[in-house]
Every structure is written in structure tokens, then in C-alpha cells.
Amino acid sequence: QVQLVESGGGSVQAGGSLRLSCAASGYTFNTHCMGWFRQAPGKEREGVAAITGAGTFTYYTDSVKGRFTISRDNAEKTVYLQMNSLTPEDTAMYYCAADAPPCTVLSGIKSQSYNYWGQGTQVTVSS
């Protein structure tokens, strides 16, 4: 069955960095777009970054541009989110998700397009 398992969350001080990983199994990884989403308490889920199956195209929401980098290793069936210059506003549960082909990231990230979801990993940034 399909599994997405996130790891790498934790607690850091503002200005710090974290690298999230999402290990996938149970489907053809390199044909699916992958996205990272986050949800803070009392807020709606937000699409943070996404990447196409071959890694050719990426998308970032405005608030993380220049600070976060999404990447993937198709041989390892893993997608990463490198997060630098973290601020307390980045505090949230972070989820990875997979979007079946045909998929695109050029028009942003729509959570309703994503078929498979992980259980999440918590990121807490203190000031």
C-alpha cells in the first residue's frame, strides 16, 4: 500500500535550519509530483513547495521563497524540504503529499489534487 513517512521535524530557534525528508513507497514515485504542506493550529492548510516527477520544475509559496528548497531523489524515493532562516511563523505540522500524473506545479499547489498524504512532522521555531 502507499506510504509517505515524514521525518526531520523538531524544535529550533529563529534563524535556524531543518531538513525534512519524506520516504515514499507503494507507488511509482518518479511519475508523481510531490508537495509539502503545513498547517498551524487554528489556520488552514497551506501549500509550501512542490516539485515535478523528474525534478524539473518547482513551486514555492511567497513566504518561503529564498529560504526553503524542495528536492527529490527518485532512486531513493525520497523528497526533501531544506528550510533555512526559520521564523516563528514557520511553526506548523508539515506534511508531504503525492499528486498522480498528469500533474503540474506551475500553477501553484492545490491540496485537493494530492492523492496520498503522510502523517506529518512537527516543526517548532522559537523566537
Side-chain angles (χ1 to χ4, degrees):
Q1 71 277 21
V2 173
Q3 277 195 313
L4 296 173
V5 180
E6 302 97 333
S7 60
S11 297
V12 296
Q13 290 193 325
S17 299
L18 284 173
R19 188 193 196 203
L20 306 184
S21 299
C22 173
S25 61
Y27 68 99
T28 307
F29 181 73
N30 62 7
T31 63
H32 285 60
C33 297
M34 295 297 296
W36 284 98
F37 296 79
R38 65 185 180 187
Q39 188 166 21
K43 294 188 176 181
E44 293 188 356
R45 184 166 53 193
E46 172 189 28
V48 175
I51 188 167
T52 50
T56 307
F57 298 104
T58 58
Y59 171 88
Y60 298 93
T61 195
D62 286 345
S63 62
V64 308
K65 284 180 182 176
R67 301 189 299 123
F68 290 12
T69 303
I70 189 171
S71 62
R72 66 189 296 158
D73 184 335
N74 285 344
E76 295 295 325
K77 298 184 180 180
T78 302
V79 63
Y80 304 97
L81 186 68
Q82 177 67 44
M83 307 187 295
N84 299 328
S85 302
L86 286 161
T87 74
E89 289 67 39
D90 295 315
T91 295
M93 184 72 78
Y94 283 71
Y95 301 89
C96 72
D99 182 8
C103 59
T104 180
V105 305
L106 298 179
S107 56
I109 311 172
K110 300 176 177 61
S111 61
Q112 58 267 34
S113 299
Y114 285 74
N115 313 96
Y116 308 129
W117 292 82
Q119 82 290 347
T121 186
Q122 178 68 37
V123 171
T124 303
V125 184
S126 58
S127 58

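Positions are given from 1, in the same order as the sequence printed here.
Note on residues 28-53: pairs passing ring pair (Phe, Tyr, Trp, His ring centres under 6.0 Å), not counting sequence neighbours, are Tyr27-His32, Phe37-Tyr114, Phe37-Trp117. Residues in residues 25-76 take part in these disulfide (SG to SG under 2.5 Å) pairs, two or more places apart or across chains: Cys33-Cys103. For residues 54-102, there are no ring pair (Phe, Tyr, Trp, His ring centres under 6.0 Å) pairs, not counting sequence neighbours.
The minimum heavy-atom distance between Leu4 and Ala24, with the atom names listed, is CD2-CB, 3.4 Å.
For Thr124, the side-chain contact (heavy atoms from CB on, under 4.5 Å) criterion is met by Ser11, Thr91, Gln122, not counting sequence neighbours. Under the rule for a side-chain contact (heavy atoms from CB on, under 4.5 Å), the partners of Ser126 that lie at least two apart in sequence or sit in another chain are Gln13. Residues passing the salt bridge (Lys or Arg N to Asp or Glu O under 4.0 Å) test with Lys65, sequence neighbours excluded: Asp62. Residues passing the side-chain contact (heavy atoms from CB on, under 4.5 Å) test with Ala54, sequence neighbours excluded: Thr56. Every side-chain contact (heavy atoms from CB on, under 4.5 Å) that Ser107 has, sequence neighbours left out, goes to Thr104, Lys110. Partners of Glu89 by side chain to side chain donor-acceptor pair (under 3.5 Å), not counting sequence neighbours, listed by chain and number: Thr87. Legend: residues meeting salt bridge (Lys or Arg N to Asp or Glu O under 4.0 Å) with Glu46, ordered by chain and number and at least two apart, are Arg38. The salt bridge (Lys or Arg N to Asp or Glu O under 4.0 Å) search around Arg45 returns none, not counting sequence neighbours.
At distances below 3.5 Å, at least one donor-acceptor pair connects side-chain atoms of Arg67 with backbone N or O atoms of Ser85. For the pair Asn74 (side chain) and Asn30 (backbone), a donor-acceptor distance under 3.5 Å is absent.
To the nearest 0.5 Å, atoms NZ (Lys77) and OG1 (Thr28) are separated by 7.5 Å. Taking OG1 of Thr52 as the reference point, atom CD1 of Ile70 lies at 9.5 Å (rounded to 0.5 Å). Note that OG of Ser113 and CG of Asp99 are 5.0 Å apart. Values are rounded to the nearest 0.5 Å.
There is no path of hydrophobic side-chain contacts, each under 4.5 Å, that joins Tyr116 to Val105. Two different hydrophobic clusters hold Ile109 and Val79 under the rule that ILVMFWY side chains link at heavy-atom gaps under 4.5 Å.
Atom CD of Gln1 has 12 or fewer heavy atoms from other residues, nucleotides or ligands within 6.0 Å.
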Tabulate below the donor-acceptor pairs under 3.5 Å that side-chain atoms of residues 15-22 make, not counting sequence neighbours, or state none.
| residue | atom | partner | partner atom | Å |
| --- | --- | --- | --- | --- |
| Ser17 | OG | Asn84 | OD1 | 2.9 |

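Using a 4.5 Å heavy-atom cutoff, the side chains of Val12 and Met83 are not in contact.
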